[in-house]
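These values consider heavy atoms only, across backbone and side chains, with no hydrogens, waters or symmetry-generated copies.
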Amino acid sequence: MKRIIFLFLTLYFSTVNAQTQNWQDALHQWMNSEDMEESYGPETMELLEELAETKINLNQTTREELEQLPFLSAQQVEAIVEYLYRYAPMRSLNELQMITSLDYDTRQLLLFFVEIGPEKAKRIWPTLPDIQQDGRHTITGTIKIPFYERKGDSDNYLGYKYRHDLRYQFNYKNRIKFGLTAAQDAGEPFFANCNKEGYDFYSYYLQIRDMGRLEGLNLGMYRVQLGMGLIMNTGFHLGKLATLQSLGRSSHTMTAHASRSQYGYLRGAAATIRLSRQWHLTAFVSYRPMDATLNADETARTLLTDGYHRTQTEIDKKSNTHETDLGISTGWRKGTLYINANAVYTRFDRQLKPQKENALYKQYNAEGNDFFNASLDYGYTNPFWSISGETALNRDGALAAIHSISFRPTDTWKLTAIHRYYDKRYTALHASSFSEGSGVQNEHGLYLGATWNPSWSWLLQGYVDYAHFSWARYLVSSESDAFDALLLTRYSKKQWSVDARYRFHLRQRDNTDNTLLINRYEHRLRLGSSYNLLSQLTLRTQADAAMVTWAGNNTKGVMISQQALWQWKFLETKAFVGWFHTDDYDSRLYQYEPSVLYDYSFPAFYGHGIRYSLMTQAKIGTHFMVSAKMGVTNYFDRSVISSGLQQINASSMADLLLQLRVIL
């Protein structure tokens with residue numbers, strides 16, 4: 001009886017609090033633009049797009065499947081599993097509001113990735129007729145047409161100026177997935193020069209999940225995350241605000257690399273096998289080409305990650321180095337207590353030899369042919385506490401360690417603390433974890449965060465983060481410190497919400513003579529308001545401001561933007577306009593802008609100008625979707641945009657994105 005009454009109440013609240021129309025908008029509420037920039041935005045968004053396309057059936061899910069959603073904390077995953085154990089089958093997504101550890105923003109985001117389906121017996125190995133009947137083929141083609149000429153288009157680029165890609169994927173209930181992505185950047189040769197086979201980059205993959213003892217198998221291109229990312233994380237990475245939301249969760253995941261990105265993936269085979277109820281084993285092997293800038297002695301000075309092959313100079317660097325990776329992880333779990341032992345070995349066919357002369361900050365960069373890292377990651381979760389950590393060593397015995405603890409004293413309070421220590425001598429080529437700096441090296445820091453939900457309508461969040469760097473960094477010739485703090489509040493009522501966010505960031509840099517460290521102070525403020533009209537029109541008004549003080553100079557920036565989303569039957573239209581005025585690049589402002597599927601950017605605006613875009617998406621029947629987006633940036637303070645081969649001799653730039661999607 002209590003459950004029935006609560007369902008009626010949650011149905012009411014879910015109706016009056018509906019604020020978001022798609023998962024991108026919900027993610028924007030959950031994270032901020034700076035977080036997405038820090039989190040390698042395009043890769044993050046493409047991973048979530050893949051997860052959103054085939055939703056998780058909560059009546060047939062497992063803990064491992066829920067852990068694929070990187071925005072859920074360990075406590076939230078366990079709370080969902082516990083609720084399903086006690087009350088399954090779920091009859092409505094409104095029941096998620098009965099799980100008190102799911103805050104409003106996380107719940108709104110989760111709704112786009114889960115569904116309520118029938119509870120029926122799952123075959124360990126599905127039959128071919130089942131796969132043919134329930135599998136889905138998807139073909140997506142995208143082209144970007146610029147209405148401007150870059151300097152390289154007429155001088156050095158060997159291809160035409162259009163960027164395009166083609167994607168095919170087959171998906172059977174997230175258990176069997178295979179596909180091919182072909183991508184071409186603007187300026188790269190097509191069926192010519194080094195690309196005689198057509199596109200500049202191909203990503204191909206096969207992924208199998210949840211087949212008896214075989215928990216996962218990946219062939220082709222894939223990404224791997226082990227623990228908290230100290231030795232291996234080529235997948236999802238969170239910024240500081242998003243880390244507060246997910247409470248610093250540890251994860252062991254493998255995902256297919258379906259992206260057009262040419263960095264961060266592995267190529268070969270990876271598998272996870274359940275040895276018993278408590279034990280599992282993960283192993284992977286990879287061999288892939290890399291682009292590198294070479295020294296005179298044919299050693300590799302710098303590994304390149306941009307994937308551009310537009311000029312003869314860039315083509316000469318294509319696939320001139322090869323990387324082999326071997327990894328293994330074995331783990332034990334009983335309930336919510338777990339421990340995993342992990343190891344990764346990497347070898348290059350060329351010696352890595354970064355130029356360290358006159359660059360003190362490069363003194364401890366990775367060098368050599370062979371690299372080895374090992375770690376232990378561990379954790380425990382109960383309804384009130386969640387503890388996770390990882391301790392790692394590299395081949396030279398240098399240490400890296402990170403530990404997270406979260407505490408929920410009540411349903412309205414969440415507290416998080418993260419301590420990390422990364423030795424200046426620690427190197428791990430595939431590491432990506434929580435940090436203030438640019439990697440898992442040369443950092444010692446403490447992060448404290450809190451979330452308070454005093455009612456259905458109010459949210460208050462904040463964090464403080466202090467980091468010390470014991471060795472030189474880029475633009476810093478001695479040990480230094482950094483401090484970062486953020487405070488966010490949001491009030492939601494029926495069809496509208498208002499929010500405010502302030503961030504203070506202190507970093508130290510060399511003065512102009514490189515004789516003294518001086519503080520660089522950065523202040524950022526955001527005020528926003530959203531409003532829903534009859535569930536068809538959503539408006540978002542936002543004002544951003546920045547002020548940076550450094551070396552006696554004060555630079556300021558402001559941006560005012562308006563977004564509108566209108567939905568009617570099969571048609572969806574998104575409009576954006578933003579006016580910006582900043583003194584320089586230091587006072588730049590980030591902005592989220594809706595776009596077509598698989599096209600995500602969180603650009604930084606600086607100077608004086610206006611940005612506006614219009615996107616329309618139409619679903620034609622059940623099999624076709626057509627999208628088009630026109631975007632224009634007008635600058636009032638310049639007659640030349642960008643520099644080098646990307647230089648545009650004009651004060652404005654416009655481009656058109658076209659996309660056709662076929663689902664069979």
side-chain contact (heavy atoms from CB on, under 4.5 Å), paired with Ile328, selected from Thr282, Asn342, Leu281: Leu281

Which residues pass the ring pair (Phe, Tyr, Trp, His ring centres under 6.0 Å) test with Phe504, not counting sequence neighbours? His523

I'd like to check the side-chain hydrogen bond (donor to acceptor under 3.5 Å, both in side chains) partners of Gln441; sequence neighbours left out, ordered by chain and number. none

Quick one: does Ile80's side chain get under 4.5 Å of Thr61's, heavy atoms only? no

Would you tell me whether Thr412 and Thr410 have side-chain atoms, one donor and one acceptor, within less than 3.5 Å of each other? yes

Check the side chains of Glu115 and Asn57 for a donor-acceptor pair under 3.5 angstrom, ignoring hydrogens and angles. no

Would you check if the side chain of Asp423 reaches a backbone N or O of Leu399 as a donor-acceptor pair within less than 3.5 Å? no

Can you see which heavy atom on Arg213 is nearest to which on Leu275, and at what distance? NH1-O, 2.9 Å

Looking at the rings of Tyr447 and Tyr463, which for Trp means the six-membered one, are their centres under 6.0 Å apart? yes

Shortest non-hydrogen pair, Val114 vs Lys55, comes out as O-CD, 3.5 Å

Sequence neighbours left out, what passes ring pair (Phe, Tyr, Trp, His ring centres under 6.0 Å) with His403? Give chain and number order. Tyr378

Residue pairs, two or more places apart or on separate chains, that pass salt bridge (Lys or Arg N to Asp or Glu O under 4.0 Å) and touch residues 430-459: Lys240-Glu436, Arg420-Glu443, Glu436-Arg507

Is it the case that over 12 heavy atoms from other parts of the model lie below 6.0 angstrom from the CH2 atom of Trp452? no

Looking only at the side chains, is there a donor atom on one of Thr451 and Gln461 sitting less than 3.5 Å from an acceptor on the other? yes

Quick one: list whatever passes ring pair (Phe, Tyr, Trp, His ring centres under 6.0 Å) with Tyr265, sequence neighbours left out. Phe201, His257

Nearest non-hydrogen partners of Gly331 and Asn340, listed with the distance: CA-OD1, 3.0 Å

Looking at residues at least two apart in the chain, or sitting in another chain, which of them share a ring pair (Phe, Tyr, Trp, His ring centres under 6.0 Å) with Tyr421? His444

For Met254 versus Ala270, what's the shortest heavy-atom pair and its separation? SD-CB, 3.4 Å

Charged N to carboxylate O below 4.0 Å: is that the case for Asp134 and Lys173? yes

Please enumerate all residues that pass side-chain contact (heavy atoms from CB on, under 4.5 Å) together with Thr489, with sequence neighbours excluded. Trp458, Leu460, Ala500

Give me the atom names and distance for the closest heavy-atom approach of Ala256 to Asn218. N-ND2, 3.5 Å

Could you pull out all residues at least two apart from Ile131 that satisfy side-chain contact (heavy atoms from CB on, under 4.5 Å)? Pro126, Phe170, Tyr172, Ile176

Contacts of Arg274 that satisfy side-chain contact (heavy atoms from CB on, under 4.5 Å) - sequence neighbours left out: Glu215

Partner residues of Ala283 under the side-chain contact (heavy atoms from CB on, under 4.5 Å) criterion, sequence neighbours left out: none

Note: Phe469 and Asn442 closest approach over all heavy atoms is CD2-O, 3.1 Å

For Asp481, which residues count as a salt bridge (Lys or Arg N to Asp or Glu O under 4.0 Å) partner, sequence neighbours excluded? none

Cut-off 3.5 Å, side chains only: do Arg540 and Gln542 have a donor facing an acceptor? yes

Would you check if the side chain of Arg175 reaches a backbone N or O of Asp210 as a donor-acceptor pair within less than 3.5 Å? yes

I'd like to know if the side chain of Glu390 pairs up with that of Ser375 as donor and acceptor (distance under 3.5 Å, no hydrogens or angles considered). yes

Hey, are His430 and Asn233 close enough side-chain-wise for a donor-acceptor pair under 3.5 Å? no

Given side chain to side chain contact (heavy atoms under 4.5 Å, CB included), test Leu230 with Thr391 step by step and report yes or no. CA-CA 8 Å; Leu230 295 189; Thr391 302; 6.0 Å; no

Would you mind listing every salt bridge (Lys or Arg N to Asp or Glu O under 4.0 Å) that reaches into residues 445-463, with sequence neighbours excluded? none

